[in-house]
Amino acid sequence: MRSIYTVVFFAIFVFSACHSEDKNKAGNNYEGIIVKELNEGARQVRDNMKKDIVIAHRGSTYWTPEETEAAFRWARNIGADYLEFDIQLTKDSVLIAFHDNTLGRTTNIADVFPGRAELEINEFTLKELRSLDAGSSFNSANPDRAKDSYEGLKILSLEDVVMIAEGYRIKSNKGLPEQEMVNGQWTGNYVYEKDPDDNGNRPGIYIETKNPKPGVERILAEKLGELGWNINKDQKEISAEEGKVNIANSPARVILQSFSKESITKLEQYLPGIPKCFLLWKAKMEDDLKGNYIKAINFGVDNNVHIIGPSIAGEPNNYGELTAGWMAELIHSSGMLIHPYTFDTEKQLNDYNDRADGVFTNRADLALKFYRRESDKSPQEWLIELGYH
Ligand code: G3P
Ligand code: CA
């Protein structure tokens, strides 16, 4: 009789334990949806990427005006593995590095084109965009880190960022960027020169198609090909030094990312075999977090994605938690890597160290120190060396 009680008690215990388990805990079979796994080809592309990579988010939003020459020269010299930026298409079909759809937050659009300040970027030509000041708003928003030399920084093209990664800078003529002229007309592009303050690092580029307009992925593939950065075409050998960052000469020199499923599929169509990251945003997933999480991973597996880019919690951004332990277990069980965004503090680097394979960070200085690859100069010293006073 006693043994019957024991069996009944045990059965009740097991039953209640199973049912009290938080349905969001790990376990790769959720209501019939099973986490898929990367195929062999995708694993090979994945293995071209290093672990613990430091991805300089918009160059840096902390030290410099985001996605400007100051941001990317700083990130290159301090030793970031990748320069991260968002691409947008201009009215004349040029790819530029710019985060927002509109220009109000980070430029003086309201002063230069007062009647057009609310328009989206694709309503402006490259030349019009080059007339804006993309540096001064940083100074107003961050008086403790403001620098006179940030005033007048230009919006960059994709080509400008690639040239910075290769160790160049925009040539200055009497304090202004030198314009590339063809038949007496400015093309909208600038002239480059070897950066006298380049310290030999050759980072890769980590490009996000942001709110992608039709044709962006095809134009991106063509432009990367022209620049010698498309590994599917004749890829250019970039001069490099022993002991420096040299991702620019690896098969993972470019990583592509998007929140848009449609864009991910087009990136795979035009740029196959290049590592891809599917970014996640919590508000879109909350109605069934675990189900949606597994579906997002499976979308990635089905579309040759190699990385999931989830948000992290905590100050200062306070994004939704999408990199909890159980979530990371699901991603890794598929064979994909995890590059969460965006790291701004040492606490965040510590909290997620057991699961992040790389970090999007505004503080490449902190992340490099965390991974014991600290630069020989402080962030401020690099800025001064690069001419930003
Ligand atoms: O690209 C990773 C992260 O940058 C996504 O957020 O808004 O900063 O582009 P956002
Ligand atoms: Ca981005």
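Order of listing sets the numbers, starting from 1, for every ligand and every atom in it.
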Trainee: What pairs meet the side-chain hydrogen bond (donor to acceptor under 3.5 Å, both in side chains) rule with one or both residues in residues 237-247, with sequence neighbours excluded?
Mentor: Asn246-Asn249
Trainee: Pairing donors with acceptors under 3.5 angstrom, does anything connect the side chains of Asp160 and Tyr192?
Mentor: yes
Trainee: Is it true that Arg363 and Glu346 make a salt bridge, defined as a side-chain N closer than 4.0 Å to a carboxylate O?
Mentor: no
Trainee: Treating Arg145 as the side-chain partner and Tyr62 as the backbone partner, does any N or O pair qualify as donor plus acceptor under 3.5 Å?
Mentor: yes
Trainee: Using a cut-off of 3.0 Å, find all protein N, O or S atoms closer to the Ca ion (ligand 2) than that distance.
Mentor: Glu84 OE2, Asp86 OD1, Glu208 OE1
Trainee: Taking side-chain contact (heavy atoms from CB on, under 4.5 Å) as the test, write out the residues that go with Asp133, two or more places apart.
Mentor: Asn108, Ser136
Trainee: Does one side chain, of Thr125 or Thr90, offer a donor that lies under 3.5 Å from an acceptor on the other?
Mentor: no
Trainee: Using 30° and 60° as the class limits, which term best fits the ring planes of Phe85 and Phe72: parallel, tilted or perpendicular?
Mentor: perpendicular
Trainee: Taking all atoms of both residues into account, what is the closest heavy-atom pair of Ala165 and Trp229, and its distance?
Mentor: CB-CH2, 4.0 Å
Trainee: Measuring from each atom of ligand 1, which residues have a heavy atom under 4.0 Å away?
Mentor: His57, Arg58, Glu84, Asp86, His99, Glu208, Lys210, Gln257, Phe259, Leu279, Tyr341, Phe360
Trainee: For the residue pair Asn77 / Asn201, report whether a side-chain donor-acceptor contact shorter than 3.5 Å exists.
Mentor: no
